[in-house]
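When a ligand or atom number is given, it counts from 1 through the structure's own listing order. Not measured: the values here are computed from a predicted model.
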Amino acid sequence: MMWINLAGFLLIALIAWWFWFYQAKGVEAQSGQAVEILVHDGVYEPARVQVPQGQPVELVFLRQDASPCAAMVEFPDFGISRELLVNKKTSIHLPAMLPGEYPFHCQMNMYQGSLLVK
Ligand SMILES: [Cu+2]
């Protein structure tokens, strides 16, 4: 019984580490530069994008995952909901933003990313 609990605990630790690893991976955008985000294997890559405040930003999504889960990307803070076509680039233009963190995700909230405005 104890061994089963231990195995479960290790599994949870591994999953937590995996998510943390992907969360930690991020890029910093230079001003005026579009940021490419790959949509594949259940993650946005990069999942964290840091952009300068007070400047419009262009994000270019390239969806490589054909599953319906990856079909939409939503930015709830800006009321943006866009369909992504498989193996096609989709540009999303965001307005100049105030500092803060703005999440984005697929319609089922499985793909998750965030925009860090500084
Ligand atoms: Cu999804």
Legend entry - Within-4.5 Å side-chain heavy-atom neighbours: Phe104 and Ile37: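 Yes - at least one pair of side-chain heavy atoms lies under 4.5 Å apart.
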Inset, instruction - May I ask you to test the Leu94-Leu59 pair for a side-chain heavy-atom distance under 4.5 Å? - result: yes
Inset, instruction - Take the Cu ion (ligand 1) and tell me which protein N, O or S atoms are nearer than 2.8 Å. - result: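 Protein N/O/S atoms under 2.8 Å of the Cu ion (ligand 1): Cys69 O, Cys69 SG, Cys106 SG.
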Under 3.5 Å, which donor-acceptor pairs do the side chains of residues 68-89 form with other protein atoms, sequence neighbours left out?
residue: Arg82; atom: NH1; partner: Ser91; partner atom: O; Å: 3.4
residue: Arg82; atom: NH2; partner: Ser91; partner atom: O; Å: 3.4
residue: Lys89; atom: NZ; partner: Glu36; partner atom: OE2; Å: 2.9

Legend entry - Candidate pair His40 and Glu45, rule side chain to side chain contact (heavy atoms under 4.5 Å, CB included), full reasoning: CA-CA 8 Å; His40 70 153; Glu45 201 182 321; 2.9 Å; yes
Legend entry - Qualifying residues under salt bridge (Lys or Arg N to Asp or Glu O under 4.0 Å), relative to Glu28, sequence neighbours excluded: none
Inset, instruction - Tell me who clusters with Leu62, hydrophobic residues only, linked when side chains sit under 4.5 Å apart either directly or through other members. - result: Leu38
